[in-house]
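Structure record follows, encoded as structure tokens.
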2 protein chains.
Amino acid sequence: MTREPVAATEVFKALGDPIRWNIVQQMAQQEELACSVLEDTLPVSKPTISYHTKILTQAGLIEVRKRGRNYFYSLRREVLRSLMDEMWTLAPGPRLVSSQEQESRSEAPALKAAVGDDTPRSATLLTW
Amino acid sequence: MTREPVAATEVFKALGDPIRWNIVQQMAQQEELACSVLEDTLPVSKPTISYHTKILTQAGLIEVRKRGRNYFYSLRREVLRSLMDEMWTLAPGPRLVSSQEQESRSEAPALKAAVGDDTPRSATLLTW
DNA sequence: GCGTTAGATTGACGTTCGTTGAACTACTGA
DNA sequence: TCAGTAGTTCAACGAACGTCAATCTAACGC
């Protein structure tokens, strides 16, 4: 059941790219995401998408399922939670954000050219 | 009070390097950390340390205080928490790790050559 | 003043990363 | 069987990253 342990820094590095973060965000909403959707929503070529999904897979963040000639990706939320646990030991405390603040944040202005101007989801900005 | 908003991916990228992750871990324990300590504990030269602390500062993760000719760094935990909040919206759920599991994890075998063999803290490995 | 020390900056170097066109593989449907 | 499609792999490229020696700057002690 337990897989190869992955260094925390490798997961951080995987999340530290706008396109990959965008992919993870999309997958968090869809439960399972077709590769073709990524081709439509991301402003990069097919090989580039393949490159990024590979990095996410190696970091343990996503799981790949092949059905015929189509590929489907799904987010491995337990990995994200495991990383959050690790961060929590460094900065323990209750969750800060109220539900309406989450709402407003998802409508925050996009960081321009972070992943292209016509991207479905805007870049995530942190304020504190 | 609120500073320049920083993209989440920039913070992830800052955390995605073994040396910087090590620095953050040390600062989580010390409340305030002298630069000289980093020079003693990290297997890299002074300019390299300066380079990494600069990246952490730009990501908003640490704060610099100069006292005479000495520099002191401190962790900005609210930034880490803000990032955790963002991750939580993607993978909501309770914390997973029990206190004794945290204990055993901190004693986990080091990932060799992740940041040098004589590093005070071992590399963080994730299991799920 | 003047040498020393702590740490940042600069400049150079090799390595890794992100991107693409081209070629390839595996599946589909007729 | 064979053309078309979905997605990967390969090879190459420029850009960004991580490292260090050398240099610089500011504060210290005398």
Side-chain angles (χ1 to χ4, degrees), chain A residues 7 9-24 26-27 32-59 61-74 111 113-119 123, chain B residues 7 9-24 26-27 32-59 61-74 111 113-119 123:
Chain A
T9 51
E10 189 181 343
V11 183
F12 280 129
K13 196 184 290 185
L15 294 173
D17 177 276
I19 288 188
R20 292 195 289 266
W21 179 238
N22 188 298
I23 292 175
V24 168
Q26 287 193 53
M27 287 200 297
E32 192 168 62
L33 191 63
C35 184
S36 56
V37 174
L38 294 179
E39 286 178 40
D40 294 340
T41 56
L42 295 176
V44 289
S45 65
K46 272 195 264 196
T48 304
I49 290 175
S50 197
Y51 166 73
H52 286 299
T53 55
K54 191 177 191 176
I55 286 183
L56 290 171
T57 306
Q58 286 170 345
L61 277 165
I62 68 177
E63 211 153 38
V64 187
R65 185 173 71 90
K66 188 174 179 182
R67 192 70 168 179
R69 52 181 167 180
N70 296 70
Y71 285 68
F72 297 91
Y73 305 107
S74 56
L111 187 61
V115 92
D117 294 325
D118 49 357
T119 314
Chain B
T9 51
E10 190 181 341
V11 184
F12 280 129
K13 197 185 287 187
L15 294 173
D17 178 276
I19 288 187
R20 292 196 290 268
W21 179 238
N22 188 298
I23 292 176
V24 168
Q26 287 191 55
M27 287 200 298
E32 193 168 59
L33 192 62
C35 184
S36 57
V37 174
L38 292 179
E39 286 178 39
D40 294 338
T41 57
L42 295 176
V44 289
S45 66
K46 273 195 262 199
T48 302
I49 290 174
S50 198
Y51 165 74
H52 285 299
T53 55
K54 191 176 192 178
I55 286 183
L56 290 171
T57 306
Q58 287 171 344
L61 276 165
I62 69 176
E63 212 154 38
V64 185
R65 186 173 70 90
K66 187 175 179 180
R67 190 73 170 180
R69 52 181 167 176
N70 297 68
Y71 285 69
F72 298 91
Y73 307 107
S74 57
L111 187 63
V115 92
D117 294 325
D118 49 356
T119 315

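Worth knowing before you read on, the calculation uses all heavy atoms, side chains too, and leaves out hydrogens, waters and symmetry mates. Every chain is numbered from 1, with letters handed out A, B, ... down the list of sequences. Being a predicted model, the structure only gives us computed values, none of them experimental.
- Between B:Leu15 and A:Thr9 the shortest heavy-atom distance is O-CG2, 3.7 Å.
- Across the protein-nucleic acid pair, A:Leu42 atom CG and D:dA6 atom P stand 17 Å apart, rounded to whole Å.
- Using a 4.0 Å heavy-atom cutoff across all strands shown, B:Tyr73 reaches sugar-phosphate atoms only and no base atom.
- Rounded to whole angstrom, the span from the CG atom of B:Asn22 across to the P atom of D:dG18 amounts to 15 Å.
- A donor-acceptor pair is defined here as one N or O able to donate and one able to accept, closer than 3.5 Å; such a pair exists between the side chain of A:Thr41 and the backbone of A:Val37.
- The side chain to side chain contact (heavy atoms under 4.5 Å, CB included) test applied to B:Ser74 returns B:Glu63, not counting sequence neighbours.
- If you measure from atom CG of A:Asp40 to atom P of D:dT5, you get 15 Å, rounded to the nearest angstrom.
- One atom, OH of B:Tyr71, and another, C1' of C:dA8, lie 6 Å apart when rounded to the nearest Å.
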### Message
So if I define the base as every atom that isn't primed, P, OP1 or OP2, how would nucleotides 25-30 of chain D read as a B/S/- string at a heavy-atom cutoff under 4.0 Å?
### Response
--BS--
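- Contacts of A:Phe12 classified as ring pair (Phe, Tyr, Trp, His ring centres under 6.0 Å), with partners at least two apart in sequence or in another chain: B:Trp21.
- Heavy atoms of other residues, nucleotides or ligands lying less than 6.0 angstrom from CZ of B:Arg67 number 12 at most.
- As rounded to whole Å, 10 Å separates atom P of C:dA8 from atom NZ of B:Lys54.
- B:Gln58 places its CD atom 10 Å from the P atom of D:dC17, with the value rounded to the nearest Å.
- Nearest heavy-atom pair, B:Val11 versus B:Ala59, reported as atom, atom and distance to 0.1 Å: CG2-O, 3.7 Å.
- Using modelled atom types, no side-chain atom of B:Arg20 and backbone atom of B:Ile55 make a donor-acceptor pair closer than 3.5 Å.
- Rounding to the nearest 0.5 Å places CZ of A:Arg69 at 13.5 Å from SG of A:Cys35.
- By the side chain to side chain contact (heavy atoms under 4.5 Å, CB included) test, A:Thr57 pairs with A:Ile62, A:Val64, sequence neighbours left out.
- For the pair A:Leu33 CG and D:dG7 C1', the interatomic distance rounds to 14 Å; values are reported in whole Å.
- Defining each end axis of the helix from C:dG1-D:dC30 to C:dA30-D:dT1 as the rotation carrying four pairs' C1' atoms onto the next four, with five pairs an end, the two axes are found to diverge by 20° to 10 degrees.
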Protein and nucleotides 17-21 of chain C: nitrogen or oxygen contacts under 3.5 angstrom:
| residue | atom | partner | partner atom | Å |
| --- | --- | --- | --- | --- |
| C:dG18 | OP1 | A:Asp17 | OD2 | 3.4 |
| C:dG18 | OP1 | A:Arg20 | NH2 | 3.3 |
| C:dG18 | OP2 | A:Arg20 | NH1 | 3.3 |
| C:dG18 | OP2 | A:Tyr51 | OH | 2.6 |
| C:dT19 | OP2 | A:His52 | NE2 | 2.5 |
| C:dT20 | OP2 | A:Ser45 | N | 3.0 |
| C:dT20 | OP2 | A:Ser45 | OG | 2.9 |
| C:dT20 | OP2 | A:Thr48 | OG1 | 2.9 |

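- Within the 4.5 Å cutoff, the side chain of B:Arg65 has heavy atoms near those of the B:Glu32 side chain.
- With hydrogens and angles disregarded, no donor-acceptor distance shorter than 3.5 Å links the side chain of B:Thr48 to the backbone of B:Val44.
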